[in-house]
Engineer: 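A single structure is presented below for examination.
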Amino acid sequence: MNVKPMGALSRRQALLLSAGTAATLLASAALAQGPSNPASYPERPVKIIVPFAPGAGTDAMGRLIAQKLGEVLGGTFVVDNRAGASGAIGTQAVAQAPADGYTLLLVASPFTTVAASLPSANYDPLRQFAPVGMIATGPLVWAANTKLPANNMKELIALAKQKPGALNYGSAGAGGVNHLVLESLKARTGTYITHIPYRGVAPATMDMIGGQIQLVTGTIPALLPFIKNGSVKALAVTSAKRSSALPDVPSMSESGLNGFDVLNYFAISAPAGTPPAIVNTLNAAINKIVTMPDVLARFKVDAVDAAPGTPAQLGQFIEADYRAWVNVVKTQNLKID
């Protein structure tokens with residue numbers, strides 16, 4: 001009878017037990033990081049970080065998309081507001097999150113303008129994120145005090161050339177799209193218009209109505225009530241084509257500025273390295289959502305157009321937008337802290 005020594009048997013059992021424990025821990029870790037089978041996504045709640053405070057337009061869009069993604073994919077999608085530093089704080093949080101599809105970013109124009117203009121942004125919009133899908137796009141509108149002796153962009157440019165620095169323009173803050181669209185106009189036309197940063201478009205608009213400043217740009221929903229009641233006048237939309245929300249207001253191309261096409265946009269991105277299968281699942285869901293009648297009705301109110309497409313197309317849009325703003329910042333020699 002061959003009896004194995006008790007010590008040897010215990011060591012083998014210990015090794016087997018250790019191996020089994022390690023395998024269990026690895027499996028648990030893998031499950032915590034994301035689904036082993038992307039086809040089962042989402043298996044737990046998905047967080048959409050909106051890098052701005054509740055109540056803003058980006059927050060409303062984030063909540064709409066979160067609700068609809070939950071309906072389409074059958075999971076739970078929740079909005080997490082991470083405001084601060086012109087959107088950089090929330091954006092950095094997504095860049096540093098696990099690339100498992102369970103942390104997403106609601107992207108809007110500051111994603112590229114802030115990265116292009118603020119050294120403190122501390123994120124790379126081209127390398128640290130995986131584009132998922134575009135949601136919607138829409139132009140800003142150039143608005144002016146009713147007493148300004150210019151009723152269109154050609155007259156505004158002529159006036160600015162006659163009186164360099166005499167016109168004051170209010171933005172929602174340095175480095176934002178409202179600021180950089182002005183710098184782009186100045187660079188293209190060789191004009192000098194004084195930039196005055198505010199804490200949002202609303203106070204800038206009130207000062208424009210009061211005559212303290214002469215110009216702002218803002219989203220169409222933000223300025224439309226004042227345009228309709230005659231408190232301000234619309235000079236042009238910032239896009240190459242007219243907006244259906246302001247059909248009587250000319251585009252930049254019609255204003256003699258060919259190639260000037262600035263769009264406010266909303267999209268979803270994820271941390272770089274997110275599995276392509278998950279990215280494609282989310283993209284298909286977003287493309288479905290932006291064709292829903294109730295969503296299209298909401299877009300009409302927000303003066304934006306549905307913009308379905310592929311992750312690659314979103315990536316191309318973001319890269320072109322970012323590089324265009326980098327060029328404006330360099331051309332204008334902007335130094336923004």
Side-chain angles (χ1 to χ4, degrees), residues 34-35 37-51 57-80 91 94 97 99-109 111-112 125-126 128-139 219 221 239-241 243-245 261 263-322:
N37 180 12
S40 62
Y41 175 86
E43 294 181 323
R44 61 181 189 275
V46 179
K47 181 165 54 181
I48 300 178
I49 291 184
V50 174
T58 46
D59 177 62
M61 184 64 74
R63 294 182 187 279
L64 172 65
I65 296 302
Q67 174 192 338
K68 292 299 183 179
L69 282 173
E71 293 175 7
V72 172
L73 296 178
T76 300
F77 289 77
V78 296
V79 166
D80 181 355
T91 304
V94 177
D100 56 10
Y102 288 92
T103 302
L104 306 174
L105 177 68
L106 192 284
V107 172
S109 297
F111 180 67
T112 39
L126 304 184
Q128 289 184 285
F129 297 88
V132 174
M134 184 75 86
I135 299 167
T137 63
T219 63
S239 52
K241 298 180 180 179
S243 168
S244 59
D261 189 17
L263 292 172
N264 193 29
Y265 63 94
F266 299 98
I268 293 290
S269 285
T274 298
I278 291 178
V279 169
N280 291 335
T281 295
L282 287 165
N283 177 264
I286 291 169
N287 285 342
K288 181 177 181 179
I289 288 166
V290 301
T291 65
M292 294 178 174
D294 59 331
V295 173
L296 291 173
R298 172 68 176 275
F299 286 177
K300 186 175 182 179
V301 172
D302 292 339
V304 295
D305 296 318
T310 66
Q313 288 171 329
L314 174 59
Q316 291 165 3
F317 177 94
I318 287 173
E319 181 170 3
D321 197 59
Y322 172 68

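If you read the sequence from its start, that first residue is 1, and numbering goes on from there. Values in this document were obtained by computation on a predicted structure and should not be read as measured data. What you see below is based on every heavy atom in this structure, not just the backbone, and it leaves out hydrogens, waters and symmetry mates.
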Engineer: Any non-hydrogen side-chain atom of Leu282 less than 4.5 Å from a side-chain atom of Thr274?
Structural biologist: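 When only atoms from C-beta onward are counted, Thr274 and Leu282 do not touch, as no gap falls below 4.5 Å.
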Engineer: Could you pull out the closest heavy-atom pair between Ser239 and Asp261, with the gap in Å?
Structural biologist: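 Looking at all heavy atoms of both residues, the closest pair is CA-OD1, 3.3 Å.
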Engineer: For Arg44 and Asp100, what are the C-alpha separation, side-chain angles and deciding distance, and is it a side chain to side chain contact (heavy atoms under 4.5 Å, CB included)?
Structural biologist: CA-CA 11 Å; Arg44 61 181 189 275; Asp100 56 10; 3.2 Å; yes
Engineer: Output yes when a side-chain donor or acceptor of Asn283 lies under 3.5 Å from a complementary backbone atom of Val132, and no otherwise.
Structural biologist: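 Side chain of Asn283 to backbone of Val132, a donor-acceptor pair under 3.5 Å: yes, one is there.
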Engineer: Ion pair present between Arg63 and Asp59, side-chain N to carboxylate O less than 4.0 angstrom?
Structural biologist: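 A salt bridge is present here (some side-chain N lies under 4.0 Å from a carboxylate O).
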Engineer: Test of understanding: with ring-ring contact (aromatic ring centres under 6.0 Å, His included), list the residues that count as partners of Tyr322, not counting sequence neighbours.
Structural biologist: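 So Tyr322 forms no ring-ring contact (aromatic ring centres under 6.0 Å, His included) with any residue.
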Engineer: Would you compute the distance between atom CZ of Phe77 and atom CD1 of Ile65 and round it to the nearest 0.5 angstrom?
Structural biologist: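 Here the interatomic distance stands at 11.0 Å.
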Engineer: A side-chain contact here means heavy atoms from C-beta on lying under 4.5 Å apart; do Met292 and Val72 qualify?
Structural biologist: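 They are in contact (side-chain heavy atoms under 4.5 Å apart), so the answer is yes.
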Engineer: Determine whether Leu69 and Pro42 make a side-chain contact, defined as any pair of heavy atoms from C-beta on separated by less than 4.5 Å.
Structural biologist: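 The answer is no, as the side chains (C-beta and beyond) never meet within the 4.5 Å cut-off.
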Engineer: Do Lys288 and Leu73 make a side-chain contact, defined as non-hydrogen atoms from C-beta onward lying under 4.5 Å apart?
Structural biologist: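 They are not in contact (no side-chain heavy atoms under 4.5 Å apart), so the answer is no.
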Engineer: Do Ile286 and Pro308 have side chains that get closer than 4.5 Å, going by heavy atoms?
Structural biologist: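 No, side chains not in contact.
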Engineer: State whether the side chain of Asn287 and the backbone N or O of Gly309 hold a donor-acceptor pair below 3.5 Å, judged by distance alone.
Structural biologist: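 A pair under 3.5 Å: yes.
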Engineer: Before you tell me yes or no, could you show the steps for Thr76 and Val46 under side chain to side chain contact (heavy atoms under 4.5 Å, CB included), namely the whole-Å CA-CA distance, both residues' side-chain angles and the distance that decides it to 0.1 Å?
Structural biologist: CA-CA 6 Å; Thr76 300; Val46 179; over 6 Å; no
Engineer: Check whether Tyr102 reaches the backbone of Glu43 with its side chain - one donor and one acceptor, N or O, closer than 3.5 Å.
Structural biologist: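 A pair under 3.5 Å: yes.
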Engineer: Looking only at heavy atoms, what is the nearest atom pair of Pro139 and Ala303, with distance?
Structural biologist: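 Looks like CD-O, 4.5 Å.
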Engineer: Starting at CD1 of Ile289, measure out to CG of Leu296 and round the result to the nearest 0.5 Å.
Structural biologist: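 Interatomic distance, Ile289 CD1 to Leu296 CG, rounded to 0.5 Å: 11.5 Å.
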Engineer: Among Thr137, Leu64, Ile135, Val107, which one satisfies side-chain contact (heavy atoms from CB on, under 4.5 Å) with Phe266?
Structural biologist: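 Of the listed residues Thr137, Leu64, Ile135, Val107, the side-chain contact (heavy atoms from CB on, under 4.5 Å) partner of Phe266 is Ile135.
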Engineer: For residues Tyr265 and Ser109, determine if any side-chain heavy atom of one lies less than 4.5 Å from a side-chain heavy atom of the other.
Structural biologist: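 A side-chain contact exists here, since the closest heavy-atom pair is under 4.5 Å.
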Engineer: Does some side-chain heavy atom of Lys68 sit less than 4.5 Å from a side-chain heavy atom of Asp294?
Structural biologist: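 In short, these two side chains touch, coming nearer than 4.5 Å.
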Engineer: Any idea which heavy atoms bring Ala60 and Arg298 closest together, and the distance?
Structural biologist: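 Ala60 and Arg298 have their closest heavy atoms at CB-NH2, 3.3 Å.
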Engineer: Any idea which heavy atoms bring Ile318 and Thr112 closest together, and the distance?
Structural biologist: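 In terms of heavy atoms, the two residues are closest at O-CG2, 3.7 Å.
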Engineer: Provide the closest heavy-atom pair for Asn280 versus Pro311 in the form atom of the first, atom of the second, distance.
Structural biologist: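 Looking at all heavy atoms of both residues, the shortest contact is OD1-CG, 4.2 Å.
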Engineer: Mind running side chain to side chain contact (heavy atoms under 4.5 Å, CB included) on Phe111 and Asp321 for me, showing each step along the way?
Structural biologist: CA-CA 10 Å; Phe111 180 67; Asp321 197 59; over 6 Å; no
Engineer: Working to the nearest 0.5 angstrom, can you tell me the gap between Tyr41 OH and Thr281 OG1?
Structural biologist: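 So the OH of Tyr41 and the OG1 of Thr281 are separated by 8.0 Å.
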Engineer: With the side chain counted from C-beta on, respond yes when Leu105 and Pro51 share a heavy-atom pair under 4.5 Å apart, and no when they do not.
Structural biologist: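 Yes; the side chains approach each other to less than 4.5 Å.
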Engineer: Roughly how far apart are Gln67 CD and Ile48 CD1, rounded to 0.5 Å?
Structural biologist: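 Answer rounded to 0.5 Å: 11.0 Å.
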Engineer: What are the two closest non-hydrogen atoms of Ala99 and Gly273, and how far apart are they?
Structural biologist: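 Taking Ala99 first and Gly273 second, the nearest heavy atoms are CB-C, 3.6 Å.
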